[in-house]
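Everything on this sheet refers to the single structure shown next.
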Amino acid sequence: MKHKDGKPGPQGTRVFPMAILFVVLCGFSFYLGGIFCSEKNRIEPSDVKDVTKAVRSSKESLVAPLQIKTVSFAECSSDYQDYTPCTDPRRWRKYGVHRLTFMERHCPPVFEFSTCFIEEKKNKKVSLSIPCGSGFRNVPYDWINKQKSNQNWLRKEGEKFLFPGGGTMFPRGVSAYVDLMQDLIPEMKDGTVRTAIDTGCGVASWGGDLLDRGILTVSLAPRDNHEAQVQFALERGIPAILGIISTQRFPFPSNSFDMAHCSRCLIPWTEFGGIYLLEIHRILRPGGFWVLSGPPVNYENHWRGWNTTIEEQKSDYDKLQELLTSLCFKLYNKKDDIAVWKKLSDDSCYNKLNEPDVYPPKCDDSLEPDSGWYTPLRSCVVVPDPKLKKSALKSIPRWPERLHVTPDRISDVHGGSARAFKHDDSKWRVRLKHYKKLLPAIGTDKIRNVMDMNTIYGGFAAGTIDYPLWVMNVVSSYAANTLPVVYDRGLIGTYHDWCEAFSTYPRTYDLLHLDGLFTAESHRCEMKYVLLEMDRILRPNGYAIVRESSYFVDAVATIAKGMRWGCRKEDTEYGIGKEKVLICQKKLWYSSNRTSR
């Protein structure tokens, strides 16, 4: 073909094949590169965490460690002695009184965060967390002693509170009360029942007695007019957190506790459509027990003392029984002032919830059963997943065997497997031996209340199981949901977001442990606020084990020094330079001023 000027044109038949050849060659090179990269980067699910840490470490090795300027913090005024930021009575007026919502968690915004650290009282005696007694100067509240003296909750002698083990429904002592309960529930004696929750716990005498019997109990109470119930419990060395059943779910996963207990806890179980019992049903394991003592149980003999009529109490009991039946509970046993119901595990009852016009209905699939962090209560039944029948109380191994058996629910965890669980279990055995060398106080009477601030499967707690201590396992609300695995092992814990304050009083834990918390959360939570919160909940002379990447560890030590902690940097058990262990101790000090920040 020629142009109009007669000159020959380009050979189109040659250019077109060369263009195609160029495109094909490029595509083939990308294909080969994709195959190579996919093979090179293939990761087994059980190794996801290790690979992630390796990638982070490789990045951090190319970056100099985080350095921050020396900091110092002001001392809080005496008004902050018992400061609980997210359940602060000074903020209650901002919230409604309906269903006591003002007692729920209401955390201050970031711009209101306190940047001071809490002073210790002058002449304050540092009391160890021991079950038999507590120092009055640690918990300077005499209200319960005066108001509940006839019920033997506690007794003040000089500078000490003694706990005789009494309570509203067990004036003869908590041991006799639990003895009767064990007669009604034989599973409490053979290791079947391992975890329990006590709603409205008083001074946690029930949980303390069960702890001596090998049953680990979370004692729950709000910050209310009883003044420092949870603080008393923790001062005694009994697991407890601040909380109330109101409009939000408990910070626990579904199907976790083996037993739940209410001893005249004054929760209106049949009101608001039975929504509070629905929450108990959610957190109770299939085959688990709900124990109630107090009104309306044994109303035939007590109605006169309850300022009511026998007809009213009979009606209340009938309503309660009807509601429990609709929730697939069955009366298991009853004697004197104690009644026990069992949560059914068979499908026949739950299938009836699919029928029209049934109340309460079955929860739809849009409501996550394990969601427990600022999740509103719903008037529906969380039906146990039929695929997880091995999590039922009758199927799960008895204690202590269940501690090291791979839980069935690990299959719900991204990357979770029996292999990953066994690896984690053995890893923490090695780590705890190393920690013991670095901190000989572990395993002694100096350490009783312990928190693992960002656990995965509860490995740290499992490694300390033979020591005279208990561990509150915390799983981040932003992390993979591994808390069901923790409970299936027979351990206890809670969801939490470390950008906020924990639900406890100041000076309540003897040892705090964290493993890569700042590596995981520093993009969301400012380091100094997390460390100030650790200082708030740690006892004077208490310890912190901070296991972190080399990138963060020096910055943590700098802030800790500003809080008057003493820290030393140690190698890990394998001496790997990319990760270090800080062993810190909170010093005992007294206020030199009254400045509030």
Side-chain angles (χ1 to χ4, degrees), residues 73-89 114-142 144 154 159-161 163 203-204 219 221 223 226-242 441 445-453 469-472 474 496 498 500-514 529-545 560 563-566 584-592 594 596-597:
F73 300 99
E75 301 167 6
C76 298
S77 72
S78 58
D79 295 338
Y80 283 74
Q81 280 296 318
D82 296 308
Y83 181 48
T84 54
C86 296
T87 51
D88 187 358
S114 172
T115 55
C116 62
F117 62 124
I118 298 173
E119 64 171 323
E120 310 307 333
K121 288 187 174 67
K122 196 73 172 177
N123 299 323
K124 175 178 174 291
K125 295 182 179 179
V126 182
S127 170
L128 296 176
S129 301
I130 52 177
C132 58
S134 169
F136 174 71
R137 295 179 189 269
N138 277 9
V139 192
Y141 298 111
D142 206 14
I144 299 179
L154 54 81
E159 294 298 323
K160 298 287 287 185
F161 279 123
F163 297 87
V203 292
S219 296
R223 179 160 183 170
H226 280 178
E227 294 195 49
Q229 295 179 85
V230 166
Q231 195 172 14
F232 273 117
L234 289 162
E235 191 67 23
R236 301 175 68 187
I238 301 170
I241 61 173
L242 286 166
D445 61 2
K446 292 183 179 180
I447 294 177
R448 169 76 170 186
N449 301 354
V450 181
M451 181 187 294
D452 191 3
M453 296 176 60
L469 55 81
W470 58 267
V471 179
M472 181 63 70
V474 179
H496 184 63
W498 284 111
E500 300 179 358
F502 193 76
S503 296
T504 191
Y505 282 87
R507 307 175 303 278
T508 46
Y509 281 85
D510 307 314
L511 172 62
L512 302 177
H513 170 264
L514 63 87
Y529 290 127
V530 177
L531 286 165
L532 282 168
E533 174 62 5
M534 292 171 64
D535 181 82
R536 184 185 73 87
I537 65 180
L538 194 61
R539 290 181 186 281
N541 294 331
Y543 300 94
I545 300 176
M563 300 188 304
R564 307 182 189 179
W565 288 15
C584 301
Q585 185 173 27
K586 177 181 176 179
K587 297 179 180 179
L588 174 63
W589 59 275
Y590 301 116
S591 176
S592 59
R594 296 293 178 184
S596 177
R597 299 285 176 175

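- Side-chain atoms of R507 never come within 3.5 Å of backbone atoms of E235 as a donor-acceptor pair (strictly under, hydrogens ignored).
- The nearest pair of heavy atoms linking A240 to Y509 is O-OH, 4.3 Å.
- Across all non-hydrogen atoms, the minimal contact from E500 to C86 is CB-SG, 4.4 Å.
- At a threshold of 4.5 Å between non-hydrogen side-chain atoms, the residues Y83 and C76 do not count as touching.
- The structure places CZ of R448 at 9.0 Å from CH2 of W470, a figure rounded to the nearest 0.5 Å.
- When every heavy atom of C116 is checked against every heavy atom of L532, the shortest pair comes out as O-CD2, 4.0 Å.
- Checked against ring-ring contact (aromatic ring centres under 6.0 Å, His included), Y529 has the following partners two or more places apart in sequence or in another chain: F113.
- The two residues A204 and I238 have their closest heavy-atom pair at O-CD1, 3.3 Å.
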As a quick check of understanding, evaluate side chain to side chain contact (heavy atoms under 4.5 Å, CB included) for M534 and M453, giving each step before the final call.
CA-CA 10 Å; M534 292 171 64; M453 296 176 60; 3.6 Å; yes
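- Salt bridge absent: K586 and D510 never bring a charged side-chain N and a carboxylate O closer than 4.0 Å.
- The CE atom of M472 sits 7.5 Å away from atom CG of L234, with the distance rounded to the nearest 0.5 Å.
- Distance check, rounded to the nearest 0.5 Å: CG of L511 to CG of D452 gives 9.0 Å.
- Residues Y505 and L242 have side chains in contact (heavy-atom distance under 4.5 Å, counting atoms from C-beta outward).
- When all heavy atoms are compared, the tightest approach of P85 to D88 is O-CB, 3.9 Å.
- Taking the side chain as every heavy atom from C-beta outward, R223 and D82 approach each other to under 4.5 Å.
- Considering only residues two or more places apart in sequence or on other chains, W498 meets the ring-ring contact (aromatic ring centres under 6.0 Å, His included) condition with H496, F502.
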Is there a side chain to side chain contact (heavy atoms under 4.5 Å, CB included) between T504 and M451? Walk through the geometry before answering.
CA-CA 12 Å; T504 191; M451 181 187 294; 5.6 Å; no
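- A heavy-atom distance below 4.5 Å is found between the side chains of N449 and R539.
- The side chain to side chain donor-acceptor pair (under 3.5 Å) check on E533 picks up R536, with sequence neighbours excluded.
- In plain terms, the two heavy atoms of I447 and L469 that are nearest each other are O-CB, 3.8 Å.
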